[in-house]
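Report on one structure; see the data block that follows.
Positions are given from 1, in the same order as the sequence printed here. Quick note: numbers below take in every heavy atom, side chains included, and nothing from hydrogens, waters or symmetry partners. Every number for a ligand or one of its atoms is a count from 1 in the order of the listing.
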Amino acid sequence: MNRRKLMQMAMGALPATMLSQRHLNAQAQADRAMRGLSSPLIKDVQVIATAPAGLRLVVVKVITDQDGLYGYGCGTFTQRADLVVPAVEKYLKPFLIGQKADRIDDLWQAMYNSSYWRNGPILNNAISGVDQALWDIKGRMAGMPVYQLLGGKVREAADCYGHASGQDAAQVVESAKKYIAQGYRHVRVQVGVPGMAGYGSGGAAARVKSLHTKPVFEPAAYIRRALNMFEVCRKELGEEIELLHDVHERITPTQALQMCKDVEKFKLFFLEDPLSPEDIAWFRLIRQQCTTPLAMGELFNSPHEWSPLIAERLIDYIRVHVSQAGGLTPCRKIAIMGEHFGVRTAWHGPGDVSPIGHAANITLSIVSYNFGVQEYSPFNANTREIFTGLPELKDGYAYATEKPGWGIEVNEAAAKKFPFGGQDRGGERSRLNGGWGEVRRADGQIIKQ
Ligand code: GCO
Ligand code: MG
């Protein structure tokens with residue numbers, strides 16, 4: 001019986017008589033569900049390490065024993081990318097060879113437990129690469145985009161935000177206007193601090209005086225600069241545009257509490273990472289004293305970090321970096337947990353997420369009722385040469401593919417043209433293999449950047 005007849009039979013298009021063989025035994029029913037194909041077994045697991053935009057990306061390829069059936073997944077931890085590669089090749093590959101590729105959650109739990117110690121950035125990213133690849137395989141088998149396997153769309157596309165920045169408020173306004181002109185309704189605004197190293201925008205002017213030679217950052221100066229930027233942005237851009245800002249955990253909890261109160265009047269869409277993961281208990285104090293919407297999560301690797309914040313409704317947006325949590329499987333569960341506590345999703349989507357990871361972000365965003373907003377980072381020409389079938393952005397909306405799986409193919413020869421270390425973005429990164437250098441306060445104290 002050819003594949004088309006099997007499809008028709010499964011879709012109940014053929015005479016009931018054929019399906020009335022109710023007495024098909026469990027194996028026969030499983031076969032019908034598999035359209036006559038046996039469960040694909042994992043034959044090989046490979047890693048594609050490439051840096052087409054100066055950020056080290058890790059993509060895992062899972063190859064099955066069925067010709068032409070394989071999948072891709074994102075395991076990008078750009079600051080330690082070289083460590084994710086052997087975690088996949090030396091530990092997950094021997095563990096997975098010969099396993100059934102269609103038992104995604106079972107394999108997730110098995111990989112997660114196989115290291116005994118767990119919930120770390122390296123191992124979670126390695127697991128994520130495999131996990132997302134297994135979802136790609138299941139979508140390719142089903143002939144459906146992954147979003148269909150998760151129950152289908154609850155919205156047509158994911159509303160995204162872009163990254164506006166500038167060395168001063170006027171430049172930030174100009175940058176924001178460019179995003180608004182492209183149709184974005186949400187814009188993240190970041191401003192530089194003169195003479196200091198800043199997140200999202202370097203500061204012009206000579207380096208400020210300090211007791212050392214490293215890049216300097218002073219929280220109080222940054223906070224004053226940011227508050228002024230919001231003032232100017234609201235005045236120049238109006239009330240309608242949704243403004244977002246990333247504190248990037250660079251201030252003390254006391255300053256975070258004050259800043260969350262001081263920005264209240266600017267009605268931000270959200271203020272992100274006012275606290276470090278180490279200080280999340282302070283969210284209780286912030287919650288008691290102001291209504292500024294709070295976003296947190298890109299640095300989380302463990303349920304111990306996100307569950308209490310969601311269950312106690314201490315944040316408004318969960319910003320997990322999907323591969324840092326271990327992939328699509330655990331993040332789907334985080335989204336569902338959030339729905340029950342009124343916490344919305346805003347998956348981490350910077351340049352150091354591969355296009356596969358962005359496809360997973362967009363998929364989660366269009367299938368989750370409690371969607372908030374999606375961070376989007378455009379793909380440069382090198383990236384488009386390697387990855388085809390990318391999710392498209394139109395009028396500030398990101399659209400998932402309608403092709404099977406993630407709908408993305410990888411040109412592995414092109415990926416080899418951009419090896420790690422070829423053109424790392426930003427100062428120290430080449431010397432530190434993609435890692436970040438030091439940023440210190442004027443007195444020499446290291447800061448979380
Ligand atoms: C964001 C993030 C990123 C991170 C980067 C770390 O909100 O997009 O804060 O910019 O800093 O992903 O590698
Ligand atoms: Mg951030």
- Test log, rule salt bridge (Lys or Arg N to Asp or Glu O under 4.0 Å), inputs Lys214 and Glu438: CA-CA 7 Å; Lys214 298 290 180 185; Glu438 300 158 49; 3.6 Å; yes

- Query: Judged by non-hydrogen atoms, does His321 sit under 4.0 Å from ligand 1?
  - Reply: no

- Query: Glu298: which N/O/S atom is nearest the Mg ion (ligand 2)?
  - Reply: OE1

- Among non-hydrogen protein atoms, atom 10 (O) of ligand 1 lies closest to Tyr199 OH, 2.5 Å

- Going by the order shown, which atoms of ligand 1 are within less than 4.0 Å of some heavy atom of Gln79? 6 (C), 13 (O)

- Heavy-atom contacts with Arg188 under 4.0 Å: which atoms of ligand 1 show up? List them by number with element. 1 (C), 7 (O), 8 (O)

- Item | Identified side chain to side chain donor-acceptor pair (under 3.5 Å) counterpart of Arg56 within the set Thr78, Thr50, Asp82 | Asp82

- With distance as the sole test, does Asp279 use its side chain to make a donor-acceptor pair with the main-chain N or O of Trp282 at under 3.5 Å? no

- Task: Could you list the atoms of ligand 1 found under 4.0 angstrom from a heavy atom of Glu272?
- Result: 7 (O)

- SB check Glu156 Lys394 (cutoff 4.0 Å): no

- Query: Out of Asn301, Thr76, Asn119, Asn124, which residue meets the side chain to side chain donor-acceptor pair (under 3.5 Å) rule with Gln324?
  - Reply: Asn301

- Item | Protein heavy atom at shortest distance from atom 8 (O) of ligand 1 | Glu375 OE2, 2.5 Å

- Message: I'd like to check whether Thr78 has a polar contact with ligand 1, where a contact means an N/O of the residue lying under 3.5 Å from an N/O of the ligand.
- Response: no

- Do ligand 1 and His248 have nitrogen or oxygen atoms that lie under 3.5 Å from each other? yes

- Message: Parallel, tilted or perpendicular: which one describes the rings of Phe379 and His358, with boundaries at 30° and 60°?
- Response: perpendicular

- Distance-only, no hydrogens or angles: does the Tyr179 side chain make a donor-acceptor pair with backbone N or O of His163 under 3.5 Å? yes

- Could an N or O of ligand 1 be found under 3.5 Å from any N or O of His348, whether backbone or side chain? yes

- Numbering as shown, the atoms of ligand 1 that approach Asp246 to under 4.0 Å (heavy-atom distance): 1 (C), 2 (C), 7 (O), 9 (O)

- Closest N/O/S atom of Glu272 to the Mg ion (ligand 2), by atom name? OE2

- Message: Give the atom numbers and elements of ligand 1 that come within less than 4.0 Å of a heavy atom of Trp436.
- Response: 6 (C), 11 (O), 13 (O)

- Query: With distance as the sole criterion, is a donor-acceptor pair present between the side chains of Asp136 and Gln132 under 3.5 Å?
  - Reply: no

- Query: Should Arg332 and Asp131 be marked as a salt bridge (Lys or Arg N to Asp or Glu O under 4.0 Å) after you check the CA-CA gap, both sets of side-chain angles, and the distance that decides it?
  - Reply: CA-CA 12 Å; Arg332 174 66 168 155; Asp131 174 73; over 6 Å; no

- Indicate yes or no: does an N/O atom of His163 lie under 3.5 Å from an N/O atom of ligand 1? no

- Contact check: Asp246 to the Mg ion (ligand 2), N/O/S below 2.8 Å: yes

- Message: Working note: Gln374 + Asp159, criterion side-chain hydrogen bond (donor to acceptor under 3.5 Å, both in side chains); need CA distance, chi angles, decisive distance, verdict.
- Response: CA-CA 6 Å; Gln374 180 56 56; Asp159 211 345; over 6 Å; no

- Query: Closest non-hydrogen protein atom to atom 9 (O) of ligand 1, residue and atom name please, with distance?
  - Reply: Glu298 OE2, 2.8 Å

- Considering the heavy atoms of Arg319, write down every atom of ligand 1 situated less than 4.0 Å from one of them. 1 (C), 7 (O), 8 (O)

- Look only at the side chain of Asn228 and the backbone of Arg224, and say whether a donor-acceptor pair between them is shorter than 3.5 Å. no

- Task: Looking only at protein heavy atoms, identify the closest one to atom 5 (C) of ligand 1 and say how far it is in Å.
- Result: Asp352 OD1, 3.5 Å

